[in-house]
Amino acid sequence: MCHGDCALYCFGNLCYWLLLSIQETRQELDTLADSYTKNRAVVLKLYDALRSRDAESVHRILTPDLDYWFHGPPPHQFLMRTLTGVSPPFEFAPLSVVSFGSTVIAEGCDAASSVSWIHAWTVSHGIITQVREYSNTSLTVTRIGGVVAGRSAEIARSHCPSVWESKFSGRAGKSVPGLVLAI
């Protein structure tokens, strides 16, 4: 049977391990927050390179086999046309840029507010590997499962919370389709 000194020793060890666990979790959260910031910065660098027509920087930021997906009216594939040089470049000036781990969402509209756009970028090790372009579409981003302190969380069966909703899709004064992006 454990008496006073033994109980104190066990309690001290427990406190020590809890403190180490808290410090480890804090470090993992700091690393996660740092990756969010870095991924957002990569996307902002891409928009700067597009705006200044710096093809060399665009090529450094995008993977050569970029996975591209589009939803919207076909004539509004502005990003693909800009990246391939098919037509005069569209001026992308993001009004909102948010990061959810490897996914970075940017949203904006043209100068006349007649075309709204959303880009959902996937960043891996500082390189953009995928983009989903939405034009004149309302987008809701929801998290399925998640990452808590660097570990995957289980998927909630009854509720997937919305973590972001587009704000500029209704500016054109017309009804637009709505989609959900699950991350």
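Residue numbers run from 1 in the order of the sequence given.
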Residues passing the side-chain contact (heavy atoms from CB on, under 4.5 Å) test with Ala112, sequence neighbours excluded, are Asp110, Ser114
Hits for side-chain contact (heavy atoms from CB on, under 4.5 Å) against Val42, two or more places apart or cross-chain, chain-then-number order -> Ile61, Val123, Ile128
Scanning both residues in full, the closest heavy-atom pair of Phe100 with Ile183 reads CB-CD1, 3.4 Å
Hits for side chain to side chain donor-acceptor pair (under 3.5 Å) against Trp121, two or more places apart or cross-chain, chain-then-number order -> Tyr47
Residues passing the side chain to side chain donor-acceptor pair (under 3.5 Å) test with Gln130, sequence neighbours excluded, are Asp67, Thr122
| Quick one: does Val141's side chain get under 4.5 Å of Ser162's, heavy atoms only? | no
With Glu133 as partner, the option from Trp69, Trp117, Tyr68 fulfilling side chain to side chain donor-acceptor pair (under 3.5 Å) is Tyr68
Residues at least two apart in sequence or cross-chain that pass side-chain contact (heavy atoms from CB on, under 4.5 Å) with Ala49, listed by chain then number, are Asp54, Ser57, Val58
Residues 83-100 vs salt bridge (Lys or Arg N to Asp or Glu O under 4.0 Å), sequence neighbours excluded, gives Arg53-Glu91
Thr137 and Gly72 have their tightest heavy-atom pair at OG1-CA, 4.4 Å
Sequence neighbours excluded, the answer for side chain to side chain donor-acceptor pair (under 3.5 Å) partners of Arg81 is none
side-chain contact (heavy atoms from CB on, under 4.5 Å) test vs Leu62 passes for just one of Leu83, Ile127, Thr129, namely Leu83
Quick note, salt bridge (Lys or Arg N to Asp or Glu O under 4.0 Å) partners involving residues 112-129, not counting sequence neighbours, are none
Distance flag, aromatic centroids of Tyr134 and His119, threshold under 6.0 Å:
no
With sequence neighbours left out, the residues meeting side chain to side chain donor-acceptor pair (under 3.5 Å) with Ser102 are none
Applying side-chain contact (heavy atoms from CB on, under 4.5 Å) to Ser99 and not counting sequence neighbours gives Tyr36, Asn39, Arg40, Val104
For Phe78, the ring-ring contact (aromatic ring centres under 6.0 Å, His included) test, sequence neighbours excluded, returns His76, Phe90
